[in-house]
A.B. asks: 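I am attaching a structure below and will ask some questions about it afterwards.
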Amino acid sequence: MGKKKPIPEEDLIIPPQNSQICGVICVCQLTFVLSTVAIVYLTVAIYMPSSRVMKSGIDETPVMCTTTKALNKDACEWGSCGEWCLSKTSGACIQIFVHLRTNGSSLTFQNCTNSANKTCYGIDQENAKKARCIADECKNLTGTFNCTTGMCINITDAFECVFKNTDSPLKCSGRRGKITCIDINGLFSCNRGTCRKIRTPYNCDRRCVDIPTRNKNMILLSGDKVYLSQCSNAIDTVKNTEVWNESDNKVIMASCYTIQNTSNGIQATDCVNGSLLEKDELTDLTNFTYLSYLHYAVSTPIKTIAPLEQDLTISNESKLMINLEGCVNTLQDECKDFLKEYGKDGTDHNARARFPCFYSTNKPDMVVARFDMEASYKQFMVGFFVPTILFAVSCLTLIFCQKTIHIGDDARMRFVGCADKEALSASGGVNGKSKANSGDGGGGGDSVMAL
């Protein structure tokens, strides 16, 4: 058999298009669609929130908030933090209320020696060991327990509770005991699974002992921490005046937001409830409960050291929001961390959350934890101009392409002038292989630029 003759290649019916023209059109169409979607989304995510921030009248100077209560509701009209702003808050939510006040004093303690600090840990609600009374985990409970809907946390090691009256005993073992104890709520004193609810009044104090107070004349409380030292004097940083000197032979006490040991001395910010205590009230060691009692009940208030908290009050109860929207769009569980940090209302016998916040003098019943006018302005400018410019450029480019690109009889796209395109359309198109209006190649065909 002879060799087969090669099959001749046929000319393509539709020639390949110019990749540059196709690329420009595709990129512009994609940019046009994405910028349009971005403008629609950013209207809700940036434009409207930024507009509210600029019109809110909130002062950029922070004041101080202290959490008074955190309510967990099955349904509510507003929540302190929501994970998605594009949908209305529904279902369970947490409402945080705070005490709003102006800032306290800033103090600097000089020539301090023999310093010490003590942290009085309470119960970590998330990491604490829990017992479920729906199972057999409550049948051997012994000690003091804080129970919520059948879930009990052992607080025996962290708190010492003093009480007089209890309810009738409940036996949390066996099938009948599970049914009885499945919904127990409150504080219970248990002994081998037999629990008695502690009735009010009762007093539970943290077991924070061995706080060294010997040779100390400065005691500062900051949440769950106690700072002690032997200092020569205290200066009001803002007024630059001396407010206390060791020659008074008394112990200075105050409650402060932050305390730092610097080269200039111990610096404390937002100090309130300044007072002086007689030295003979202290022994070598004391506990956190007695120290708090001395500060608020025994010591003598001195407003020149640090003002009383009640004198700084703006609002006794204000709604706390994470921002003006009361929600975030990051979907990174920000609200979980926010509620954990700002939702400490003292019900677990730990210190209440204390933090800087922002408010409007026209509406002190609502405060926000996050407020930055400059950042909101920058976000608005970037979020507005970038997609808008991309939208305009892509739209104008597509219009330009529609005016200057012509598809000939061979289905190939070519750039032509606007006038040439009108002439070509009137003459019935362009044929890449034939001459327009003449047999020798003259006429309008010469104006076609095949790229």
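The analysis underlying the following values was restricted to heavy atoms, covering all of them including side chains, and did not include hydrogens, waters or symmetry mates.
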A.B. asks: Evaluate whether atom NZ of K303 has more than 12 neighbouring non-hydrogen atoms of other residues, nucleotides or ligands under 6.0 angstrom away.
C.D. replies: no
A.B. asks: Would you indicate whether the side-chain heavy atoms of K225 and Y227 approach each other to under 4.5 Å?
C.D. replies: yes
A.B. asks: Is there a side-chain contact between I94 and S80, using heavy atoms and a 4.5 Å cut-off?
C.D. replies: no
A.B. asks: Disulfide bond (SG atoms under 2.5 Å apart) between C195 and C190: does it pass, once the steps are laid out?
C.D. replies: CA-CA 4 Å; C195 298; C190 301; 2.1 Å; yes
A.B. asks: I need the minimum non-hydrogen distance between L294 and L277, along with the two atoms involved.
C.D. replies: CD1-CD2, 4.1 Å
A.B. asks: Start with the C-alpha gap between M218 and Q230, add the side-chain angles, then the distance that decides, and say whether side chain to side chain contact (heavy atoms under 4.5 Å, CB included) holds.
C.D. replies: CA-CA 6 Å; M218 182 272 282; Q230 179 77 22; over 6 Å; no
A.B. asks: Hey, does the side chain of N323 reach the backbone of E325 with a donor-acceptor pair shorter than 3.5 angstrom?
C.D. replies: yes
A.B. asks: Give a yes or no answer on whether the side chain of T262 reaches the backbone of G265 with a donor-acceptor pair at less than 3.5 Å.
C.D. replies: yes
A.B. asks: Between K197 (side chain) and N185 (backbone), is there a donor-acceptor pair under 3.5 Å?
C.D. replies: yes
A.B. asks: For the CD atom on E374, are there more than 12 heavy atoms of other groups (residues, nucleotides or ligands in this structure) within a distance under 6.0 Å?
C.D. replies: no
A.B. asks: Under the disulfide bond (SG atoms under 2.5 Å apart) rule, what do C271 and C256 come out as? Steps first, then yes or no, please.
C.D. replies: CA-CA 4 Å; C271 295; C256 303; 2.1 Å; yes
A.B. asks: Should the pair E83-K336 be classified as a salt bridge under the 4.0 Å nitrogen-to-oxygen rule?
C.D. replies: no
A.B. asks: Count the heavy atoms belonging to other residues, nucleotides or ligands that lie under 6.0 Å from NZ of K216, then report whether that count exceeds 12.
C.D. replies: yes
A.B. asks: What residue pairs, at least two apart or across chains, pass side-chain hydrogen bond (donor to acceptor under 3.5 Å, both in side chains) with a residue in residues 104-113?
C.D. replies: T108-T237, Q110-N233, N111-S232
A.B. asks: Can you confirm whether the side chains of T144 and S189 place a donor and an acceptor under 3.5 Å from each other?
C.D. replies: no
A.B. asks: State, to 0.1 Å, how close S376 and S50 come at their nearest heavy-atom pair, and which atoms those are.
C.D. replies: O-OG, 3.5 Å
A.B. asks: Any side-chain to backbone donor/acceptor pair from S51 onto M48? Under 3.5 Å, distance only.
C.D. replies: no
A.B. asks: Would you name the heavy atoms of C401 and I25 that are closest together and state the gap between them?
C.D. replies: SG-CG1, 4.4 Å
A.B. asks: Rounded to the nearest 0.5 Å, what separates atom CD1 in I322 from atom SG in C327?
C.D. replies: 9.0 Å
A.B. asks: Side chains of T361 and D59, heavy atoms from C-beta outward: is any pair under 4.5 Å?
C.D. replies: no
A.B. asks: Let me confirm one number: the CD1-NZ distance from I153 to K130, rounded to the nearest 0.5 Å.
C.D. replies: 5.0 Å
A.B. asks: Would the distance check show the side chain of S229 and the main-chain N or O of C231 forming a donor-acceptor pair, the cut-off being under 3.5 Å?
C.D. replies: no
A.B. asks: Can you run down the ring pair (Phe, Tyr, Trp, His ring centres under 6.0 Å) pairs that involve residues 140-163, sequence neighbours left out, and say none if there aren't any?
C.D. replies: F159-H349
A.B. asks: Report the distance from atom NZ of K279 to atom CG of D248, rounding to the nearest 0.5 Å.
C.D. replies: 10.0 Å
A.B. asks: Tell me whether F400 at atom CZ has more than 12 heavy atoms from other residues, nucleotides or ligands lying less than 6.0 Å away.
C.D. replies: no
A.B. asks: Apply the test side chain to side chain contact (heavy atoms under 4.5 Å, CB included) to residues V251 and L276: give CA-CA distance (whole Å), side-chain angles for both, the deciding distance (0.1 Å), then the verdict.
C.D. replies: CA-CA 5 Å; V251 178; L276 293 177; over 6 Å; no
A.B. asks: Between T68 and R352, is any pair of side-chain heavy atoms under 4.5 Å apart?
C.D. replies: yes
A.B. asks: Output yes when a side-chain donor or acceptor of Y342 lies under 3.5 Å from a complementary backbone atom of I96, and no otherwise.
C.D. replies: no
A.B. asks: Side chain of S35, backbone of F32: donor and acceptor closer than 3.5 Å?
C.D. replies: yes
A.B. asks: When rounded to the nearest 0.5 angstrom, what is the spacing between OG1 in T36 and CG in L34?
C.D. replies: 8.5 Å
A.B. asks: Given side chains that start at C-beta, do those of F188 and R196 come closer than 4.5 Å, heavy atoms only?
C.D. replies: no
A.B. asks: Do you know which two heavy atoms are closest between P364 and I314, and how far apart they sit?
C.D. replies: CB-CG2, 4.3 Å
A.B. asks: Inspect the contact between E334 and R370 and indicate whether a charged nitrogen and a carboxylate oxygen are less than 4.0 angstrom apart.
C.D. replies: yes
A.B. asks: Indicate whether the side chain of R354 and that of S222 have a donor and an acceptor atom separated by less than 3.5 Å.
C.D. replies: no
A.B. asks: Ignoring hydrogens and geometry, is there a side-chain-to-backbone donor-acceptor pair from T397 to C28 under 3.5 Å?
C.D. replies: no
A.B. asks: So which atom in L291 and which in M253 form the shortest heavy-atom distance, rounded to 0.1 Å?
C.D. replies: O-CE, 3.9 Å
A.B. asks: Could you check whether H99 and T313, counting side-chain N and O atoms only, form a donor-acceptor pair closer than 3.5 Å?
C.D. replies: yes
A.B. asks: For atom NZ of K118, is the number of surrounding heavy atoms from other residues, nucleotides or ligands below 6.0 Å larger than 12?
C.D. replies: yes
A.B. asks: Output, in order, the C-alpha distance, side-chain angles, deciding distance and verdict of side chain to side chain contact (heavy atoms under 4.5 Å, CB included) for N287 and I211.
C.D. replies: CA-CA 6 Å; N287 58 64; I211 299 176; 5.5 Å; no
A.B. asks: Using the side chain to side chain contact (heavy atoms under 4.5 Å, CB included) rule, take I252 and F109 through it: C-alpha gap first, then chi angles, then the decisive distance, then the call.
C.D. replies: CA-CA 10 Å; I252 182 174; F109 296 88; 3.9 Å; yes
A.B. asks: Any ion pair linking K319 and D365 (charged N to carboxylate O, less than 4.0 Å)?
C.D. replies: no
A.B. asks: Atom CG of residue position D284 - does it have more than 12 heavy atoms of other residues, nucleotides or ligands inside 6.0 Å?
C.D. replies: yes
A.B. asks: Which heavy atom of Y47 sits nearest to which heavy atom of T43, and what is that distance?
C.D. replies: CD1-CA, 3.2 Å
A.B. asks: Is the SG-SG separation for the cysteine pair C120 and C208 below 2.5 Å?
C.D. replies: yes
A.B. asks: Indicate yes or no: at least one non-hydrogen side-chain atom of L100 is less than 4.5 angstrom from one of C357.
C.D. replies: yes
A.B. asks: At what distance, to the nearest 0.5 angstrom, does CZ of F355 lie from CE of M64?
C.D. replies: 8.0 Å
A.B. asks: When you measure from the side chain of S318 to the backbone N and O of V367, does any donor-acceptor pair fall under 3.5 Å?
C.D. replies: no
A.B. asks: Donor-acceptor check, side chain of H295 to backbone of N273, threshold 3.5 angstrom: yes or no?
C.D. replies: yes
A.B. asks: Atom SG of C152 and atom CD1 of I184: how far apart are they, to the nearest 0.5 Å?
C.D. replies: 3.5 Å
A.B. asks: Is any side-chain heavy atom of V272 closer than 4.5 Å to one of L308?
C.D. replies: no
A.B. asks: Do S394 and T31 have side-chain atoms, one donor and one acceptor, less than 3.5 Å apart?
C.D. replies: no
A.B. asks: Given side chains that start at C-beta, do those of I235 and L107 come closer than 4.5 Å, heavy atoms only?
C.D. replies: no
A.B. asks: Kindly determine whether T269 and T258 satisfy side-chain hydrogen bond (donor to acceptor under 3.5 Å, both in side chains), including the steps that lead there.
C.D. replies: CA-CA 5 Å; T269 62; T258 61; 2.3 Å; yes
A.B. asks: Thinking salt bridges, do D270 and R101 make one under a 4.0 Å N-O criterion?
C.D. replies: yes
